[in-house]
Structures are given as C-alpha cells and as structure tokens.
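What you see is a predicted model; the values in this text were computed from it and never measured. Below, chains carry the letters A, B, ... as their sequence lines are ordered, and counting in each starts from 1.
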There are 2 protein chains.
Amino acid sequence: MSRRAVTIAEVARHAGVAVSTVSYVLSGKRTISATTRQRVLDSVRVLGYHPNAGARALASKRANVIALVLPLRAGMHLPVLMQFATSVVTTARQYDHDVLLMTADEGPDGLRRVAASALVDGLVLMDVELDDQRVPLLRELAEPSVLIGFPADSAGLTCVDLDFARAGALCVDHLAELGHREIALLGAPAVVYERGTGFARRTREGFSAAVRAHGQTGAALPCEETFDEVFGEVKALFEPGSGMPGLSGLIVHNEAAVGHVLSALRVLGKRVPEDVSVVAICPDDVADRASPPLTSVLIPAGDVAHRAVELLMAKLDGREVPEATLLEPRLTVRESTAPRA
Amino acid sequence: MSRRAVTIAEVARHAGVAVSTVSYVLSGKRTISATTRQRVLDSVRVLGYHPNAGARALASKRANVIALVLPLRAGMHLPVLMQFATSVVTTARQYDHDVLLMTADEGPDGLRRVAASALVDGLVLMDVELDDQRVPLLRELAEPSVLIGFPADSAGLTCVDLDFARAGALCVDHLAELGHREIALLGAPAVVYERGTGFARRTREGFSAAVRAHGQTGAALPCEETFDEVFGEVKALFEPGSGMPGLSGLIVHNEAAVGHVLSALRVLGKRVPEDVSVVAICPDDVADRASPPLTSVLIPAGDVAHRAVELLMAKLDGREVPEATLLEPRLTVRESTAPRA
DNA sequence: CAGGATCGTCGAAGCGCTTCGACGTAAGGA
DNA sequence: TCCTTACGTCGAAGCGCTTCGACGATCCTG
C-alpha cells in the first residue's frame, strides 16, 4: 500500500551518475554516451521509476496534459461524442500527453481555472456554437486551443470540422446522378437550428446550393426524434398536395431519427430503394446496421479529433497552423439508393 | 499572450502577509483572523490568482485529479458511457477534483503510469469484465480505485453497479402481474455473453430466477444489433413450433436493438401492447422516444457514476467503504405493457 | 604539437507550493 | 499578578524535477 515512489535521485544513485544526467537521458535534450544512457535506462527499469508529474510540470512549465471540453447539451449525437473523445485520448497519448475531461457547464471560468493553474497546456473544445461565450476568453488565454466547429467569428482561432456544406452537396450530387428530381433533407430538430448550431445550418446551405445547381426541387426540413413525429413528417411529405408529388430522394442528417425514417417508410409501404432512395449523414456503423444498409456520408469523428489534437500539438510547439481546417466528406454507396424508377 | 501567472508570493506581498499565511487562508488548515483572511481573499481576487497545480501537487502529494478509464470495447452502449462520463466529471468537481480521461487500450501499464507518476490520486474504471487483467494491478496499487461492474473475484475491491439481477426480475414481475405466462428476454449480442460481461449475465440470471419463481415459461436469448438479424429472431419467436405458442411478453436489454424490435413487431403485425407487451432495460430517453413509449427499467448511469466518485473520495479521505454497492433499479410503466388479452 | 571546439557529465539554482516548528501576543486560571 | 494556553502569523525547509553554466577530457585543425 505505502511504497514510496522512486525518485530520480535514487535512479541516479543506482546508476552512479548525477541527477541531471538521468534527466538528460530521459529527455534527450543533451547528448549522453551510449554506455551511460544504457546504465541509466537499466536502473530506471530495475527500480521501476516513473517521473513525478507534478514536479516535472513545475520545473518544466509543461504539464503534458490537454483539456477536452465536452458540450453541455448534446447537439452532436452522443455516440459520436464518445468516438470523438476516445480518438482525442489516443492521439494525445501518441504525443505523450494526457487528457483532462471537462464539461461545458463549468463555463468560461472552468477554462480559465485549468489554464491559469497550469493544469493543462492547451484546450480542445467540442461542438462550439455560433455565438459561443467562451470564444472571447480563448482569444485572450495564453494557452493555445483548437475548436471543433466554427463560431460566428473564427478570426484568430483554430477551428476544425467536417465540411458539412460539401457533405450536403455530395448527397444531392449522388441523388442527381441517379436521376432524382425532387428531394428532401431531414435535418436536426428545430431547436438545433434556432440555437444557431453551425453544422446543421451549413449542411442545409450545401444542400440548397446543390439543389439549385442541379435544377432540382428540394425542401429542407427540421426533423424531430420521436417515431411519431418522424412518421407524421414523412407521411406528410408523400401526401398529394405536399408540393412534391414526385419525391423520390431523402437525405437524413439526424442519427437519432434515421431508424425512425426507415420504419416510417416501411409502414407507409414505400420500398427502399425501389420507391425512395435514402442517403444518411451519419457514422458508418449506423448506416451499416440499418436495413437496408444506407448509402451514407460519414461523419469522421475520429479523423476530426485526430486532426484537432495534431493542430494543438503544433501550436504547443510554436508552429504556425491554418485557422480553418475542413475535412473532406466521403460518400459510401450502399443499398439504399438506386436510379429513379 | 505571455502574461506570467500570478504566484502566491505576489499575493502575499500585495496583502502584506507571509506566503504561508496565504496558503493557510486558502486551505483553511490553520485558523486565520477574519480581517487577515479578508485582506488575502481580496488580493487573490484583485490579482486573479490561481494556485499552480503542479506546485501544489508536488508539495502536498495530492494532485486533486482522478482517472476515469473508459472501456475499450463498447460493451455498454455509447450514450450511456457518455452520460456516465459527464456525471463523473460533475461529481468530481463538487469535490474539487478534476478528471483525467483514459482509454482501456493503454492497459495495466497505463494505469501504473498515471498512478506512479502521481498524476492522479485515484481511479474509476468502467465496464470491468469478469476476468479483467487490470484487477490484480489495482489490488497492489497504492492509489485507491472504484470499479463499475463486478469482476469474478471482487474481494478487496470497491465495486458499484446497477443490480441487474433485480432489474431482470423486476421486468418479469411486472409482466407476471399483468398475467403474461410466456415471456422472452432479448439480451446483448452473443459475443458479449461469451466475453463474460457481468451485467448481461446477471440480468439473465435474475430473469430466469424470477420466471421460475412465478412458474412462467421463459426463454433468454442473445440479440444482435442489425435490423435483419433482430427481425429474424423476433419472427422465429412467434412462429408456431418455437416452443412458445402463447408468447406475449418481451424484455429487451439491448439499447441498439430496441428500435429494431419495435420495427420488427410492426412489420409482423403485432401490436404493442395489445398483442405483445414490451419492457426495455435502457435509459429513459430511449424509452420515451420509442413508439409507443416503453415501459422500462432505467439504467441510472448518472447515479452509478455519482456513487462511484463519492466512494472514491471517501477512500481518498481514508474512510472505510463497502466493497459492493448495488443500486436498486426502478421500473417506469409507460404505454408498451398491458394485461394479457 | 598548441589552441580552440566539441562532447559528456556534474553541481546547483530554482519552479510555486505546503507544512512544520517557532515566536510573539492576548486571554484564561490560580 | 504570574504562568500557562491558545491563537495568529512568520520563516524556512523541502517536494522531485529541469536546466543553466561550468569543467575536464577528447578531438580536430593548422
């Protein structure tokens, strides 16, 4: 229970060298002869030495920890968040950093606290909103940060995200190639648009622009997440008088609703893809698990997270990084889309 | 950008007291006169002082950070994990601690690393498996830990979990009261049982025991997570010759499958709850969102996490804690269950 | 073969905080 | 009134590490 931790002094004594020599072996910041290095390394292993994180942070002014700030409200779907978080941790570990988990409900004060106390060297913030109150703080903070998503004014910040406008357009392009003339986008719940969440709007804009470019007819609608609401909405779309008598393509950008949409179509007797082609913007596993497996544009949570951490590490090293990074979406064709009958 | 951080020495100078006095004001470990205290507190506020975490950890031998270790494979469903993680963070903050996020893929070495380096004071591990390889390490670690879930041998450890056996039994009791005589449990995918994941097995055991106690007929089956597999399985259950000609109650302990099960029943023309009563073991939001809203036993991820952190804090304070904590499940009646026709 | 570079190592000075013992000073007991 | 006790505060000694400057020893270069 109470074994005292091994210190660098004990390693030095065991190896017959100075404390500073051990430090230099471990950090590689000065050249050390191969024989000495080996002796030190052996002592480290034999004694089971682990440098004390606090002492290291104090002396070096680097904690080797980054903060990951989760959104308070789940604008993004929970599983994506999770995938995101694990990817941040994994990537950070590759750079020999650990991850401190924070929730957004501590607000700006929480960020200031961890930054000012030197608990963390930098920050990754997820799911930033358009008029995020933490953004001004980030600008004045000494510690570098990377945002997932784009606030209204992203000048001077480093932001990463999937290119949702392209994602929306990609879906439209795919349906256009298959000959669909009237298509609809079922997006996030209405409240998400009202909140000004960037990704939802950008998808819709990409959708609208592409529809116009192809000369199609298109409607972009919010989409709630209970079966009954989804059913009602889908039913209305196909009703005569909906304004889209020839509707044959559906784009669903709402993970929680995608299952409900398929259920609704089944109940309405619409076959996928014979009667209606469906494209989803969602993680691959959701698309794979659906029936039929959905043609989809992947939300590459892992890649976004990976890139975000890489950018943060670059900033920590004092390197210059681009302000905006948009990840190219990729469309995977599965069994839910087909040429228009 | 490069404002140096305020140190305790500057606060002391500003307030006209010794460094140690500031420290005692902040920690409350010695009595300080009200006037001095106020003067120091004012200086702290004026200067915007935040104690350096590394220095504090080094001097006090307490990092005020706990580790949260996520499972590598998502045995538990992702949204629950997420809910869990946020609850751990929130609770830890109430005790003035932060949370270091780790994934299980670093394995035992990762735990040893953060513990030996004094990065964290204690550990919370999620989704522990029956023969978890990290368990022996935890026993010999100086740092206290709390596990979510039970390994095969939990002696000497502190474990918390929902009482899944009771949860399974509760579902059966409810169906029994409604007069259902033949019922089935659709559980986790087969691979989860093979892996020896505790919660899946314990639910099944609770189910079986209760079925026996009520003199019902019951079948416990694994359940995959794609629509087609679920559909096949549900269809088979209702087929003549399945051995359950009077099947009228279904218990679903699989968040990913619960939507598919309802879809399947719709397609098979089975009405819920008129023809079949369905009880789910899942978070409330999933049950609420289903159509019809599902009678369910809640997985109180937040409560479990909260309790886990409380136990860890108690151990950090040197208090004794019970080895096993089982949280009582709660069944909420919604619209998916009804008396047998 | 002398002079300057270069290499490998050491010693010591912090980093910012907590905590221990000590030292007045004011309050309580005899 | 004198001695004890408690209270409030201070100074200094670390905590374990990194990093700077220094110093022999070895290596070239002319």
Side-chain angles (χ1 to χ4, degrees), chain A residues 3-41 43-44 47-65 96 113-119 121 142, chain B residues 3-41 43-44 47-65 96 113-119 121 142:
Chain A
R3 299 171 307 294
R4 241 190 50 284
V6 181
T7 72
I8 198 174
E10 299 173 51
V11 174
R13 201 173 317 126
H14 187 269
V17 299
V19 163
S20 48
T21 303
V22 175
S23 178
Y24 286 125
V25 166
L26 263 22
S27 72
K29 293 196 178 173
R30 283 196 185 179
T31 49
I32 298 287
S33 69
T35 59
T36 304
R37 176 199 315 290
Q38 198 49 59
R39 202 140 38 85
V40 169
L41 259 20
S43 297
V44 165
L47 300 180
Y49 170 66
H50 289 268
N52 179 291
R56 198 201 271 268
L58 179 57
S60 68
K61 309 199 159 307
R62 286 287 249 103
N64 275 35
V65 175
D96 196 32
R113 180 180 64 83
V114 295
S117 67
L119 234 188
D121 303 321
Chain B
R3 303 170 307 294
R4 241 189 54 279
V6 181
T7 71
I8 197 173
E10 301 174 51
V11 174
R13 201 173 317 124
H14 186 271
V17 298
V19 163
S20 47
T21 302
V22 176
S23 178
Y24 285 125
V25 166
L26 264 23
S27 71
K29 294 197 177 173
R30 283 198 186 176
T31 50
I32 300 286
S33 69
T35 60
T36 306
R37 176 201 314 290
Q38 199 49 58
R39 201 140 37 85
V40 169
L41 259 19
S43 297
V44 164
L47 300 180
Y49 169 67
H50 289 269
N52 180 292
R56 197 201 271 271
L58 179 56
S60 70
K61 308 201 159 311
R62 285 288 244 103
N64 274 35
V65 175
D96 197 34
R113 179 179 63 82
V114 294
S117 68
L119 235 187
D121 303 322

(request) Pick base, sugar-phosphate or nothing for Ser23(A), based on heavy-atom distances below 4.0 Å to the nucleic acid. (result) base
(message) Quick check: closest heavy atoms across Val25(B) and Leu41(B), and the distance to 0.1 Å?
(response) CG1-CD1, 3.6 Å
(message) Checking Ala55(B) now: which residues fulfil side-chain contact (heavy atoms from CB on, under 4.5 Å) with it, not counting sequence neighbours?
(response) Leu58(A), Asn52(B)
(message) Please enumerate all residues that pass side-chain contact (heavy atoms from CB on, under 4.5 Å) together with Ala57(A), with sequence neighbours excluded.
(response) Ala63(A)
Can you name the atoms? Protein N/O to nucleotides 22-25 of chain C N/O, anything below 3.5 Å, with the distance.
residue	atom	partner	partner atom	Å
dA22(C)	N6	Arg30(B)	NH1	3.4

(message) To the closest 0.5 Å, what do you measure between CZ (Arg39(A)) and OG1 (Thr21(A))?
(response) 9.5 Å
(request) Report the residues that fulfil side chain to side chain donor-acceptor pair (under 3.5 Å) with Ser23(A), sequence neighbours left out, ordered by chain and then residue number. (result) none
(request) Go through DNA chain D in 5' to 3' direction and return only the first and the last nucleotide with some atom under 4.0 Å of chain B's heavy atoms. (result) dG8(D) to dG16(D)
(request) With axes from five pairs an end, tell me the bend angle of the helix from dG4(C)-dC27(D) to dA30(C)-dT1(D), nearest 10°. (result) 40°
(request) Indicate the atoms forming the closest heavy-atom contact of Pro51(B) with Ser117(A), along with that distance. (result) O-CB, 3.2 Å
Can you give each donor-acceptor pair under 3.5 Å made by side-chain atoms of residues 9-17 of chain A, sequence neighbours left out, with the distance rounded to 0.1 Å?
residue	atom	partner	partner atom	Å
Glu10(A)	OE2	Arg4(A)	NH2	2.8
Glu10(A)	OE2	Thr7(A)	N	3.3
His14(A)	ND1	Ser43(A)	OG	2.7

(message) If the condition is side chain to side chain donor-acceptor pair (under 3.5 Å), which residues does Arg30(B) pass it with, not counting sequence neighbours?
(response) none
(request) State which residues pass side chain to side chain donor-acceptor pair (under 3.5 Å) with Ser20(B); sequence neighbours excluded, sorted by chain then number. (result) none
(message) Consider side-chain contact (heavy atoms from CB on, under 4.5 Å). Of Val40(A), Thr36(A), Ile32(A), which one does Val22(A) pass it with?
(response) Val40(A)
(request) Please work out which residues in residues 7-22 of chain B have a non-hydrogen atom less than 4.0 Å from an atom of DNA chain C and list them by number. (result) Thr7(B), Ile8(B), Val19(B), Ser20(B)
(message) Going by the rule side-chain contact (heavy atoms from CB on, under 4.5 Å), which residues pair with Ala115(A) if we only count those two or more places apart in sequence or in a different chain?
(response) Leu141(A), Glu143(A)
(request) Please figure out whether Arg39(B) or Leu58(B) has its closest DNA chain D nucleotide nearer the 5' end. (result) Arg39(B)
(request) List in chain and number order the residues that pass side-chain contact (heavy atoms from CB on, under 4.5 Å) with Lys61(B), two or more places apart in sequence or in another chain; answer none if no residue qualifies. (result) none
(request) Could you grab the distance from atom CG of Leu119(A) to atom NE2 of His50(B), nearest 0.5 Å is fine? (result) 11.5 Å
